[in-house]
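Contents: one structure, followed by commentary.
Predicted model, so just to flag it, every value in this text is computed and none were measured.
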Amino acid sequence: MFVQRLISGILLVLVLAFLLISGGTWLWAGLFIISEIGIFELARVFSVEKSILAAAGYIAAAAWYLNMRLSFCDDVMLIISVFLLIVLAIYVFTYPKFHFDQIGAVFFAFFYVAVMLSYIYRVRSLDQGILLVWLVIICSWGCDTCAYCSGMLFGKHKMTPLLSPKKTIEGAVGGVLGAVILSMIFGLCFSKQLSFSGGRIAIMAIASCACSLLSMVGDLAASAIKRNYEIKDYGNLIPGHGGILDRFDSVIITAPLLYYILSGGF
């Protein structure tokens, strides 16, 4: 199991590295595919993955990503609003085929997966985005890895015993500190390319602390959904890790916050 998890993890990192380094069409297409799979996984939790309701979600995600490339709609809230009206219309005209929790789940899946994950592309599109985009990974997967190691070594006090019994306060602290240290090392290594002074590296450390804390919220929120609906994983696409949402739950939450920090004059 460990070997399988390790191999699939390495392959996942290599694929993601290729997408992040390539940027442009490759990253856009990769995130689009990941988003569609993620929506499918979440829709499957509510048993609507092959329904007209889920199809509306897949189309809405396609429209969102096409707009990122073609810019046919300046006001992106229009896409979100139209999609909401469509799912409500499906709810009304197919009643009582769908329950409201299924309607809410598909709308949530579109926003949670497609919209929020697309911010990785936005970060990559910033000046020096080829470097800055790695902060998304450091603040999410870096935090997750450091939290796992810290929890294994020092974990004694349960953080959320009912939701995730294996997660500890010590692990969470280690995860945040680890992400901050990794971010500072990253900033020092690329300080010339990014024109980072000591003060900006310190600010980046604070931003990394906030993003890593938020990444844990994303991880636990995804776990809470699984607990509510009594599933172990969202899928088995990534052997040893689960589905797309099992692996990208923290990234989904981290990317938007980091984008607004970086694009706000950081």
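- Transitive grouping of hydrophobic side chains (ILVMFWY, heavy atoms separated by less than 4.5 Å) brings I225 and V115 into a common cluster.
- Counting all heavy atoms, side chain and backbone alike, R69 lies closest to T25 at NH2-OG1, 2.6 Å.
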Item to check | Criterion salt bridge (charged side-chain N to carboxylate O under 4.0 Å, His left out) on D144 and R247, from CA distance to verdict | outcome: CA-CA 10 Å; D144 184 50; R247 191 64 279 181; 3.0 Å; yes
Checklist entry - side-chain contact (heavy atoms from CB on, under 4.5 Å) between R227 and L162: does it pass, once the steps are laid out? => result CA-CA 9 Å; R227 290 280 183 184; L162 295 179; over 6 Å; no
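- Here F111 and F83 keep their ring centres 6.0 angstrom or further from each other.
- Relative to the six-membered ring of W28, R124 misses at least one condition, a distance below 6.0 Å or an angle of at most 45° to the axis.
- One N or O on the side chain of T254 and one on the backbone of S250 form a donor-acceptor pair closer than 3.5 Å.
- Note that CD1 of I244 and CD of E41 are 6.0 Å apart. Values are rounded to the nearest 0.5 Å.
- Aromatic ring centres of F186 and F190: separated by under 6.0 Å.
- One hydrophobic cluster, built from ILVMFWY side chains closer than 4.5 Å, holds both M77 and F110.
- D249 contributes no side-chain N or O that, together with a main-chain N or O of G218, makes up a donor-acceptor pair within less than 3.5 Å.
- Residues Y234 and F40 fail the side-chain proximity criterion, which asks for heavy atoms closer than 4.5 Å.
- For the pair I252 and Y119, the minimum side-chain heavy-atom distance is 4.5 Å or more.
- No more than 12 heavy atoms of other residues, nucleotides or ligands sit less than 6.0 Å from atom CG of D127.
- A 4.5 Å side-chain heavy-atom check between F107 and I80 finds at least one atom pair inside the cut-off.
- More than 12 heavy atoms of other shown residues, nucleotides or ligands fall within 6.0 angstrom of atom CD in Q193.
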Checklist entry - So C146 and L182, side-chain contact (heavy atoms from CB on, under 4.5 Å) or not? Walk me through it. => result CA-CA 10 Å; C146 291; L182 289 172; 4.2 Å; yes
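- Side-chain heavy atoms closer than 4.5 Å link hydrophobic residues (I, L, V, M, F, W, Y) into clusters, and following such links, possibly through other members, connects I33 to V13.
- Formation of a donor-acceptor pair under 3.5 Å by the S22 side chain with backbone atoms of L19 is not found in this model.
- Distance CG/L16 to CD1/I34: 7.0 Å, rounded to 0.5 Å.
- A donor-acceptor contact shorter than 3.5 Å is absent between the side chain of E170 and the backbone of S150.
- Contact of the H157 side chain with the T168 side chain is not registered, since no non-hydrogen atoms from C-beta on lie closer than 4.5 Å.
- Side-chain polar atoms of S183 and S208 form a donor-acceptor pair below 3.5 angstrom.
- No salt bridge links K232 with D246; every basic N to acidic carboxylate O contact stays at or beyond 4.0 Å.
- Other residues, nucleotides and ligands contribute more than 12 heavy atoms inside 6.0 Å of the CG atom of D101.
- Using a 4.5 Å cut-off on side-chain heavy atoms (C-beta onward), L126 and Y259 make contact.
- Connection of L194 to I21 is established within a shared hydrophobic cluster, with ILVMFWY side chains joined at heavy-atom distances below 4.5 Å, either directly or through further cluster members.
- Heavy-atom minimum distance, V76 versus N67: CG1-ND2, 3.8 Å.
- The heavy-atom pair separating I39 from G57 by the smallest distance is CD1-O, 4.0 Å.
- Residue A205 comes nearest to M184 through the heavy atom pair CB-CG, 3.7 Å, listed as atom of the first residue, atom of the second, then distance.
- The distance from the CG atom of L131 to the CG atom of L20 is 11.5 Å, given to the nearest 0.5 Å.
- Put simply, CD1 on I79 and CE on M68 are 10.5 Å apart, with the number rounded to the nearest 0.5 Å.
- In this structure, G243 and I238 approach most closely via the heavy-atom pair O-CD1, 4.0 Å.
- Looking only at side-chain heavy atoms (C-beta outward), S51 and I90 stay at 4.5 Å or farther from each other.
- Taking a 6.0 Å sphere around CZ of F100, one finds it holds 12 or fewer heavy atoms contributed by other residues, nucleotides or ligands.
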Checklist entry - Which is it for L84 and V87 under the side-chain contact (heavy atoms from CB on, under 4.5 Å) test, yes or no, and what are the steps along the way? => result CA-CA 5 Å; L84 177 59; V87 295; 4.2 Å; yes
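- Looking at W141 and L12, their side chains come closer than 4.5 Å, going by heavy atoms from C-beta outward.
- Summarising the geometry of R44 relative to E49, their closest heavy-atom pair is CA-OE1, 3.3 Å, with the distance given to 0.1 Å.
- Here the NZ-CG distance, from K167 to D219, works out to 4.0 Å after rounding to the nearest 0.5 Å.
- Looking only at side-chain heavy atoms (C-beta outward), Q102 and Y91 stay at 4.5 Å or farther from each other.
- In the displayed structure, I52 atom CD1 is contacted under 6.0 Å by at most 12 heavy atoms of other residues, nucleotides or ligands.
- Hydrophobic clustering, with ILVMFWY side chains joined whenever heavy atoms are under 4.5 angstrom apart, keeps V113 apart from V217.
- Interatomic distance, L220 CG to S215 OG, rounded to the nearest 0.5 Å: 9.5 Å.
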